[in-house]
2 protein chains.
Amino acid sequence: MRFETSTIKDIAKALGLSTSTVSRALRDRYEISEETKKLVLAYAEKVNYRANPIARSLKERRSYSIGIIVSEIANNFFSQVINGIESIAYDRGYHVIISQTHESHKQEKLNVEHLASRSIDGLLIALSSETQDITYLRDLYAKGLPIVFFDRVPEDFATHKVIANNFKGAFDATEHLILSGKRTIAHLTNSENLSITRERLKGYQAALAKYHIEFKPELVKYCQHGGMHSAELEQAVKELLPHKPDGIFISSDRLTTGCIMALKKTNPEIAHKIAIAGFTNSNLVELFSPSLTSVKQPAFEMGQVATELLISMIEAKREITEFETKILDTELVRMQKTLGNRFL
Amino acid sequence: MRFETSTIKDIAKALGLSTSTVSRALRDRYEISEETKKLVLAYAEKVNYRANPIARSLKERRSYSIGIIVSEIANNFFSQVINGIESIAYDRGYHVIISQTHESHKQEKLNVEHLASRSIDGLLIALSSETQDITYLRDLYAKGLPIVFFDRVPEDFATHKVIANNFKGAFDATEHLILSGKRTIAHLTNSENLSITRERLKGYQAALAKYHIEFKPELVKYCQHGGMHSAELEQAVKELLPHKPDGIFISSDRLTTGCIMALKKTNPEIAHKIAIAGFTNSNLVELFSPSLTSVKQPAFEMGQVATELLISMIEAKREITEFETKILDTELVRMQKTLGNRFL
DNA sequence: GACGTTTTTGGGAACGTTTGCACACTTTTT
DNA sequence: AAAAAGTGTGCAAACGTTCCCAAAAACGTC
């Protein structure tokens with residue numbers, strides 16, 4: 001039970017033209033007379049003709065689709081990035097295929113290769129927290145698949161990248177904690193594999209240094225799975241608390257919410273006594289208790305910029321040799337002291 | 001700059017066979033001798049042959065892709081449904097294309113027609129809150145496009161549907177409010193167009209009736225745009241408060257969080273005095289202040305069931321005449337009184 | 001050894017497009 | 001008047017598959 005639509009052949013037959021003429025008329029080529037064009041267009045409209053994108057893809061050897069790899073769509077940051085991607089992609093005639101890694105390297109590789117075999121024209125990817133080996137991406141890239149990285153980017157990969165100003169975001173958040181009187185500031189962060197982890201750590205350290213606070217490695221906890229498992233978070237919190245932090249700077253969306261959750265679950269009595277500042281794009285932060293100061297990334301814009309770069313690569317006629325790394329500014333949203341946040 | 005891969009033709013030439021033989025060998029047809037099969041398979045493996053899905057789609061007139069239409073992926077309920085969908089789809093060899101309506105009917109129609117022209121094999125859809133006219137879906141369905149509705153379903157459309165037990169979910173939530181002593185229970189809900197709105201209203205009314213509480217229409221507020229605009233929500237809250245509700249039952253994910261937000265923003269002094277019970281699949285409810293009782297839908301499972309039904313339609317050899325409406329149970333998660341929720 | 005049967009293989013059309021090339025016709029140029 | 005240039009159209013190949021139909025090869029059977 002497949003549904004049939006009219007094809008170029010049908011139109012040609014009905015109008016007594018050749019398929020080439022019809023094809024050209026539909027694509028508004030200069031060779032075709034205005035008269036014929038009108039005729040074809042009118043008839044196509046009448047029978048509600050839709051070009052078969054599959055046939056077109058086969059012929060043109062491109063699919064007008066771009067692949068997206070993120071760890072999770074149920075993540076405020078990534079879903080906002082995706083919205084940004086779509087806003088550009090659809091305008092430019094591309095559709096998007098989204099895949100989730102759930103922070104697993106294996107899944108990431110599987111998904112990318114699946115997408116590649118589905119003949120996507122290009123790939124937008126934020127690496128999973130497990131990922132260390134990206135030779136499979138290099139191979140695809142070498143074979144000609146355009147790739148743009150965003151958010152979690154590899155170091156030595158000559159292509160376009162779009163990231164937030166992670167250093168500054170981390171610096172601002174840490175400084176904010178310091179300025180509100182905190183002195184023992186812990187740092188809960190993602191896997192060390194990730195670029196964002198390294199950059200944000202540096203920002204954290206720089207803020208400490210500026211205020212002459214000693215950096216203590218034992219106050220930094222890494223979560224290899226990016227907080228995908230609550231046990232991982234609870235363990236990290238448990239290891240952190242003996243050092244009696246009065247503030248925590250947290251380095252990613254999922255970790256931030258996960259950490260507050262863990263704190264509330266395992267140590268409700270002190271959950272409100274520790275000031276928290278963290279990266280998150282949740283639009284519900286205002287509801288959270290304990291409340292927190294958040295670093296918001298320009299997620300939507302990041303998606304847009306990445307997509308524009310990718311499409312420029314896809315549609316480039318000549319080899320590209322100059323690559324950009326766009327850095328977008330984050331925004332610090334300070335905690336509001338409302339009824340629910342009296343540090344009771 | 002397109003990247004070339006080896007094709008069936010290349011293999012045939014290299015091995016001195018015909019393309020048909022190679023094709024059959026790869027698909028493990030009975031006609032081909034074991035010997036030849038081994039030869040072909042080995043060589044295919046060696047050159048890392050990947051069948052071109054576009055060519056295959058063109059020939060077989062199907063794309064092995066299914067379309068998904070939701071209002072927003074940045075919505076806990078929908079992103080969980082999508083995870084459920086993917087878990088089944090990928091296993092069965094389909095990939096998914098996700099589109100968002102942002103609760104706009106126009107966008108919905110546009111997206112569906114775009115997907116249809118992209119030759120998806122089937123469609124999974126939750127209607128937008130604006131949608132009233134679904135003749136465009138009937139047309140596509142009549143032309144042979146398999147469609148399965150989930151969550152927000154039309155009434156008279158003979159196809160498979162998957163929904164939550166909305167009546168019971170609403171009943172339970174309302175009863176919970178009543179049992180905790182509330183008597184003036186408002187109901188904030190979605191557009192009247194939606195099936196979920198009607199079903200949940202009935203559950204709300206039934207709970208009131210059971211406890212002999214009069215149903216007052218002025219305590220029910222509809223949000224035409226499903227809470228996509230904060231102004232809409234603030235207006236609804238503003239109209240509700242003069243009736244001095246001591247409890248509110250809220251009928252959807254976005255509205256629930258939006259309403260608490262609006263309440264906190266416009267009337268922080270009473271935000272903690274009103275008990276709230278609402279549909280939401282947020283996994284962050286435990287962090288919310290004021291806290292709330294939530295009705296959780298089996299979102300992941302809903303996605304799985306819907307996908308199984310859809311694939312069964314796609315792969316059916318004969319016309320289907322019997323359609324099911326699967327109803328999945330919701331779960332009531334009672335508010336916990338923790339430090340942050342002392343109704344201060 | 002001639003003839004069926006079965007097994008294995010190949011030829012080629014088809015799916016719906018796009019596009020290089022050739023052709024026919026008109027118009028302009030010399 | 002012939003040649004050149006311009007205009008509009010059609011033919012046919014190609015993209016990478018699948019699959020119908022025939023052909024060839026291998027094997028029995030009488």
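Every chain is numbered from 1 and lettered A, B, ... according to where its sequence line falls, protein lines coming before strand lines.
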What is the distance, rounded to the nearest whole Å, between atom [atom1] of [X] and atom [atom2] of [N]?
| X | N | atom1 | atom2 | answer |
| --- | --- | --- | --- | --- |
| Asp10(B) | dT17(D) | CG | P | 9 Å |
| Glu31(A) | dG6(D) | CD | C1' | 13 Å |
| Leu15(A) | dG8(D) | CG | P | 17 Å |
| Ile54(B) | dG16(D) | CD1 | P | 11 Å |
| Lys9(A) | dA13(C) | NZ | C1' | 10 Å |
| Asn52(B) | dA14(D) | CG | C1' | 14 Å |
| Glu34(A) | dT7(D) | CD | P | 13 Å |
| Arg29(B) | dT7(C) | CZ | P | 17 Å |

Do any side-chain nitrogens or oxygens of [X] fall under 4.0 Å of OP1 or OP2 in [N]?
| X | N | answer |
| --- | --- | --- |
| Ser20(B) | dC19(D) | no |
| Tyr64(B) | dT17(D) | no |
| Thr21(A) | dT9(D) | no |
| Tyr30(A) | dG6(D) | no |
| Arg61(B) | dT18(D) | no |
| Thr7(A) | dG16(C) | no |

Just by distance, do the side chain of Glu108(B) and the backbone of Ser128(B) share a donor-acceptor pair under 3.5 Å?
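At least one qualifying donor-acceptor pair exists.
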
Look at the side chain of Ser195(B) and the backbone N and O of Val153(B), then say whether any donor-acceptor pair between them is shorter than 3.5 Å.
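Yes, Ser195(B) side chain to Val153(B) backbone: donor-acceptor pair under 3.5 Å.
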
Identify which nucleotide among [options] has an atom closest to any side-chain atom of [X], counting heavy atoms from C-beta outward.
| X | options | value |
| --- | --- | --- |
| Arg24(B) | dG16(D), dC20(D), dT18(C) | dC20(D) |
| Ser23(B) | dT18(D), dG16(D), dT18(C) | dT18(D) |
| Arg27(A) | dG16(C), dT18(C), dC19(D) | dT18(C) |
| Thr19(A) | dT18(C), dG10(C), dG8(D) | dT18(C) |
| Ile8(A) | dT17(D), dG16(D), dT17(C) | dT17(C) |

Once hydrogens and angles are ignored, does a donor-acceptor distance under 3.5 Å link the base of dT18(D) to the side chain of Lys59(B)?
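Answer yes: a donor N or O sits under 3.5 Å from an acceptor.
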
I'd like to know if Glu130(B) and Lys109(B) make a salt bridge, using a cut-off of under 4.0 Å between side-chain N and carboxylate O.
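Salt bridge between Glu130(B) and Lys109(B), a charged N being under 4.0 Å from a carboxylate O: no.
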
N-O pairing of Arg138(A) and Asp156(A) below 4.0 Å
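Looking at Arg138(A) and Asp156(A), the cut-off is met.
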
What do you reckon, is NZ of Lys37(A) surrounded by more than 12 foreign heavy atoms closer than 6.0 Å?
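Yes, NZ of Lys37(A) has more than 12 neighbouring heavy atoms, counting only those of other groups under 6.0 Å.
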
Pick base, sugar-phosphate or nothing for Ser57(A), based on heavy-atom distances below 4.0 Å to the nucleic acid.
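Since no nucleic acid heavy atom lies under 4.0 Å of Ser57(A), the category is nothing.
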
So what does Ser33(B) touch, heavy atoms closer than 4.0 Å: a base, only the sugar-phosphate, or nothing?
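Sugar-phosphate contact only.
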
Test: Arg62(B) cationic atom under 6.0 Å from Tyr64(B) six-membered ring centre, within 45° of axis
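The answer is yes, since Arg62(B) meets both limits relative to Tyr64(B).
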
